[in-house]
Undergrad: 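Here you go, one structure.
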Amino acid sequence: MTDLAHASVAELGRLLDARKVSAVELAQAALARVEAHRVLNAFLDVRPEVTLAQARAADARRARGETGALLGVPLAHKDIFVTRDWASTASSKMLAGYMSPFDATVVANLKDAGMVCLGKLNCDEFAMGSSNENSAYGNVLNPWAMGSDGRGGPGAAVPGGSSGGSSAVVAARIAPVATATDTGGSIREPAAFTGITGTKPTYGRPSRWGMIAFASSLDTAGLMTTSAEDCALVFNAMLGFDPRDSTSLDQPREDFTRALGAGVKGLKIGVPGEFFGPGLQPDVEAAVRAALAQYRKLGAQLVDISLPNAELGIPVYYVIAPAECSSNLSRFDGVRYGHRAARYADLADMIEKSRAEGFGPEPKRRILVGTYVLSHGYYDAYFIQAMKVRRIIADEFQAAFRQCDVIMSPVTTSVAFGFGEKAADPVAMYLADLYTVPGSLAGIPSMSIPCGFGAGGRPVGLQLMCNHLEEAKMLGIAHAFQQATDWHQRVPAGY
Ligand code: GLN
């Protein structure tokens, strides 16, 4: 029988349909892997009895004659989605032990499809970061570079962030799929750093209901998988209109697998010169250029395009995202939920102390920056200005998509960096998002697929960006590459 740990969502669905394996057996095997790889520190909350109850329910549905590609397939959720059955902390001390009275829509949709949840995954605090070093619950290890001691010692690399737990568990084949969120790159960058497929759909396609808010005009739920095909299967159940999210797109349900066989003959791939500028490391560039050559071999055509203001993405994003975060995080005041200081003099003192104790340094930094750029006298100079440039960047993407069907670029300037390398310098850390924030500001679907290895045998990602609502097409383009190459099947040693 196929090695269950290395089986794809598609294969697991077939095995379950053929009664070759039960959901309970899959859940037990996955839970055993969760325990065997605790050193990764990817999971924040695991409750085997809840997981097994969900698996039994999936088996019972099958026994009643139900079928379904996802019925009984295990997954894990980034701890940004609230869940009734596991604590929801956003990796912050502020929400330590918090039990939500409801499930996020994304969680509920996947549960309805019969997916079995293994638990909640570590991430950067409130999804702010690029290395998972901002979690209040410790670093997550990158299965490709665990360090000389195999426990995060010398030579170890970050798994990327903010969805570091999600990338690590899929790279380590603990779960075939994990949910994640992407505000400025938090799905694509960790996927690139761990050699997996990370996909951010169009802003507004996945519901934000029950996703702990960071920057509401950018926050987008998506997936970490081992292939584009698996992502399409899970998107079918996960995405859709939600009246409880005011920015949810009222689009009909669609089959995201429909373009998987479309191929890339005659496809026009836009290659933006600005994404291959100074700062891009030669090992990453070589792997990305080789992937572009592969696409050409498959029948696609490369077209030089320009996104002249994309390089302003970082300053624009780091005004807009903190502005929205300062507003969103004001709800954590120690009154209704979240951390409350043990001793205080009056209400103001209680709020001040609770927030000072509950938030880590990165959310505090962003609340300060965000409050500043929204304050009287600076609002026009910074926030409004940033919003104007955001529109210019989005318009440039529209102009580019008149010349090409898909845009391709590197995801990051380098392969996964080491722990502590950028942690002391917030600006160096923010630059990790150079190639991912433009797509976020434009709200377009984009993804990272593994396309080779760079320095230290660490994975390199290729970024694909398509126009709004074209995720089925984008997944088809990624699938064509994955049919012709096996980078997405490479598994780190020991997993
Ligand atoms: N690294 C970016 C940040 O720190 C992106 C985070 C995200 O996409 N959630 O804001």
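All ligand and atom numbering here is 1-based and tracks the order in the structure.
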Undergrad: So is there a nitrogen or oxygen of T181 less than 3.5 Å from a nitrogen or oxygen in ligand 1?
TA: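 It does not: no N or O of T181 is found under 3.5 Å from an N or O of ligand 1.
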Undergrad: Which heavy atom of P201 sits nearest a heavy atom of T220, and at what distance?
TA: O-CG2, 3.4 Å
Undergrad: Taking non-hydrogen atoms only, is F126 closer than 4.0 angstrom to ligand 1 via side chain, backbone, both or neither?
TA: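 For F126, no heavy atom sits under 4.0 Å from ligand 1.
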Undergrad: Answer side chain, backbone, both or neither: which part of D433 comes under 4.0 Å from ligand 1, heavy atoms only.
TA: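 For D433, only side-chain atoms sit under 4.0 Å from ligand 1.
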Undergrad: Tell me the contacting part of S162 for ligand 1: side chain, backbone, both, or neither, using a 4.0 Å heavy-atom threshold, strictly below.
TA: side chain
Undergrad: Report the part of Y317 in contact with ligand 1, treating N, CA, C, O as backbone and CB onward as side chain, heavy atoms under 4.0 Å; options are side chain, backbone, both, neither.
TA: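 The side chain, only.
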Undergrad: Can you check whether G161 has an N/O within less than 3.5 Å of an N/O in ligand 1?
TA: no
Undergrad: Can you tell me how far apart OG1 (T197) and CD (E229) are? Round to the nearest 0.5 Å.
TA: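 The CD atom of E229 is 11.0 Å from OG1 of T197, to the nearest 0.5 Å.
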Undergrad: From the options G184, S163, P190, select the one whose nearest heavy atom is closest to atom 8 (O) of ligand 1.
TA: G184
Undergrad: So, are D103 and K111 salt-bridged, with charged N and O less than 4.0 Å apart?
TA: yes
Undergrad: With heavy atoms under 4.0 Å as the rule, classify the contact between K78 and ligand 1 as side chain, backbone, both or neither.
TA: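 None of K78 does.
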Undergrad: Is the distance between the ring centroids of F417 and F193 under 6.0 Å?
TA: yes
Undergrad: Going by side chain to side chain contact (heavy atoms under 4.5 Å, CB included), Y203 matches just one of L441, T247, L218. Which one?
TA: T247
Undergrad: Indicate yes or no: does an N/O atom of M128 lie under 3.5 Å from an N/O atom of ligand 1?
TA: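 Between M128 and ligand 1, no N or O pair is found under 3.5 Å apart.
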Undergrad: Look only at interatomic distance and state if F214 has a nitrogen or oxygen under 3.5 Å from any nitrogen or oxygen of ligand 1.
TA: no
